[in-house]
Protein chains: 2
Amino acid sequence: MTSQGATRQPKYQRIADALRKSIQAGEYGPGDRLPGENDLMAAYEVARMTARQALGVLQNEGLAEARKGAGVFVRAFRPLRRRGLQRLAQEQWGSGRSIWSTDSEDRELVVDQIDVREEEADDRVCDALGITPGTQVWARSRRFVLDGKPVLFATSYLPSDIVADSPITQRETGPGGTYARLAELGHGPVHFREEIRSRMPSADEADRLSLATGTPVIRIVRTAFAEDGRAVEVNEMTLDSASYVLEYDFDA
Amino acid sequence: MTSQGATRQPKYQRIADALRKSIQAGEYGPGDRLPGENDLMAAYEVARMTARQALGVLQNEGLAEARKGAGVFVRAFRPLRRRGLQRLAQEQWGSGRSIWSTDSEDRELVVDQIDVREEEADDRVCDALGITPGTQVWARSRRFVLDGKPVLFATSYLPSDIVADSPITQRETGPGGTYARLAELGHGPVHFREEIRSRMPSADEADRLSLATGTPVIRIVRTAFAEDGRAVEVNEMTLDSASYVLEYDFDA
DNA sequence: AAGTGGTCTAGACCACGCG
DNA sequence: GCGTGGTCTAGACCACTTC
């Protein structure tokens, strides 16, 4: 029957709109529980699937988050600020600090899922590094967890002929990290290029970053170049878009 | 009944996985039509809503796109490359070229939904420009449509006390655009800061950019600073994430 | 134990687009 | 006109969280 009143909008959209308005009006704050499926069925006299669809809209917009057996809750945002240039200034890694330390400041940062291995470079990596397909590279993977929430994972690829037998092939690279070691090897990076994309995560990515429905990922591919113009590292990063603001400063 | 075989995965996920695998294997190329709801119902012996859910997964991942009355199709990607630094180099607007011309190259670019008006700056803009709340600013809005597809819309805010009576308050700002005019007024930008976020679009944003389900937007807020350190412009841009790759080049 | 969201069924009517 | 996806109903069972 779908007794239409005066509107040409789907019921579930009207319900979603009403909830969204309530959220934006501050009626429900971050972390608050929204009316559940049963509440909406009663309040709007609709079927379960229709109430579900309305709540699904808010989740796909990234405004709300469902917790099984508990309810649907308004999401909170407090992103990290990632400064694209300052964090890679030579003084950073030259002084023995991790370039990640500038992002997190006074919050608890855990690095896990560390994996260091040698492998054959795939096409994308070969292209970025400017090497012939099939060349061996060292791959360094890790995930960053901030205050218990995974925010980023990254894999860094370095040509084997440069880094073989160096600490870069070990789990712990020492003070200043990979870039300080590359400098000692005579291949210190002097130039960087970062490529940024955004898209919805694969199921695997959503899992590794504990992403709620409706959260895109930001994909950053950074290539580091040495003095002689050679690409010495390519770093593929996947960020939780709800956890990050990227910042780039530059002169005209 | 949901006769479970050996898996603990929902049916709709298994169907979605199978379709995704077929796409990645190249069985369905960009623009190809995927099996529809009726096909999936027959092939997997599931109810309509379950087949729908499976197709919904692919749409939310940005892999597929539904066209009413026609079917569900594999999406194609060929993003523009937006170079963050080069495009804002002084030679660009100093030479009378539009900074947008570097992005599009040989494709057909249409600018529409142009709106130029004076208004009271809201809190966010005041904060970025470093002015007191309620100050008057000129707001310049426009949308960019590339080969018939909207890819970006932006609103630029400039303090009224700087731009009053200049061509910046007109629809057409002349060769080199706003930045060339600012330079003539003695407030040429010498430094820029870009802040980048990503999130799912609001219904309004999805509409203005003709976004398919499962497409995030990229939000760029650029602030331009003059020689004296004063912020002379803040530009809020909203990009279709499927149409753009951002690129930033910088030295260590 | 009660309530929540997650999955699923088997129907229905509609608006749209394509040929 | 016919098939498509879009919306909607009225049920059902499950796993999970919270009390």
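Of all the residues in residues 200-217 of chain A, not one reaches under 4.0 Å from DNA chain C with any non-hydrogen atom. For DNA chain D, the neighbouring residues in residues 49-67 of chain A, judged by any heavy atom under 4.0 Å, are A/Met49, A/Thr50, A/Gln53.
Separating the CZ atom of B/Arg14 from the C1' atom of C/dT7 is a distance of 15 Å, rounded to the nearest angstrom. The interatomic distance linking B/Glu37 (CD) with D/dG3 (P) rounds to 15 Å, in whole Å. Taking atom NZ of B/Lys68 as the reference point, atom C1' of D/dG5 lies 9 Å away to the nearest angstrom. A/Ile15 has its CD1 atom 13 Å from the C1' atom of D/dT9, to the nearest Å. Rounded to whole Å, the distance from CZ on A/Phe73 to P on D/dT17 is 12 Å. What separates CD of A/Glu45 from C1' of D/dT7 is a distance of 18 Å, to the nearest Å. Protein atom CE of B/Met41 is 11 Å distant from nucleotide atom P of D/dG5, rounded to whole Å. If you take CZ of A/Arg48 and P of C/dT9, they are 16 Å apart, rounded to a whole angstrom.
By the side chain to side chain donor-acceptor pair (under 3.5 Å) test, A/Arg197 is found to be paired with A/Glu195, residues two or more places apart in sequence or in another chain being considered. The salt bridge (charged side-chain N to carboxylate O under 4.0 Å, His left out) search around B/Arg20 returns B/Asp17, B/Glu61, not counting sequence neighbours. Listed by chain and number, the residues in a side chain to side chain contact (heavy atoms under 4.5 Å, CB included) with A/Thr223 are A/Ala128, A/Phe225, A/Ala231, A/Val234 (sequence neighbours excluded). Here A/Asp204 pairs with nothing under the side chain to side chain donor-acceptor pair (under 3.5 Å) rule; sequence neighbours left out. Residues meeting the side chain to side chain donor-acceptor pair (under 3.5 Å) test with A/Thr213, sequence neighbours left out: none. B/Asp112 meets the salt bridge (charged side-chain N to carboxylate O under 4.0 Å, His left out) test with B/Arg143; sequence neighbours excluded. In terms of the side chain to side chain donor-acceptor pair (under 3.5 Å) criterion, B/Tyr157 has no residue partners (sequence neighbours excluded).
Of the side-chain N and O atoms in A/Lys11, one or more sit less than 4.0 angstrom from OP1 or OP2 of D/dT9. Between A/Arg33 and C/dT4 there is a side-chain polar atom (N or O) within less than 4.0 angstrom of OP1 or OP2. OP1 or OP2 of C/dT7 sits under 4.0 Å from a side-chain N or O of B/Tyr12. When the side-chain nitrogen and oxygen atoms of B/Asn38 are compared with OP1 and OP2 of D/dT4, one or more of them lie within a distance under 4.0 Å.
Contact check for A/Ile15 versus A/Gln13: no side-chain heavy atoms found under the 4.5 Å cut-off. With contacts defined as side-chain heavy-atom distances shorter than 4.5 Å, the pair B/Ile220/B/Leu246 qualifies.
Overall, the helix from C/dA1-D/dT18 to C/dC18-D/dG1 carries an axis bend of 10° between its ends, with five pairs at each end and the value rounded to 10°.
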Atom pairs and distances, side-chain donor-acceptor, residues 43-52 of chain A, under 3.5 Å, sequence neighbours left out:
unit_1: A/Arg48; atom_1: NE; unit_2: A/Glu37; atom_2: OE1; d: 3.4
unit_1: A/Arg48; atom_1: NH1; unit_2: A/Asn38; atom_2: OD1; d: 3.3
unit_1: A/Arg48; atom_1: NH2; unit_2: A/Glu37; atom_2: OE1; d: 3.0
unit_1: A/Arg52; atom_1: NH1; unit_2: A/Glu37; atom_2: OE2; d: 2.7

What pairs of donor and acceptor atoms, side-chain ones from residues 62-79 of chain B against any protein atom, are under 3.5 angstrom apart with sequence neighbours left out?
unit_1: B/Arg75; atom_1: NH1; unit_2: B/Thr215; atom_2: OG1; d: 2.8
unit_1: B/Arg75; atom_1: NH2; unit_2: B/Thr215; atom_2: OG1; d: 3.2

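You'll find that the side chain of A/Ala70 is closest to D/dT18, out of C/dC16, D/dT18, C/dT9. With D/dT4, C/dT4, D/dG5 as the candidates, the nucleotide lying closest to the side chain of B/Val72 is D/dG5. Considering only the side chain of B/Val46, C/dT9 comes nearest among C/dA12, C/dG6, C/dT9.
Distance alone, capped at 3.5 Å, is enough to place a donor-acceptor pair between the B/Ser241 side chain and the B/Pro216 backbone.
Two residues, A/Gly69 and A/Gln13, neighbour DNA chain D, and the one matched to the more 5' nucleotide by heavy-atom proximity is A/Gln13.
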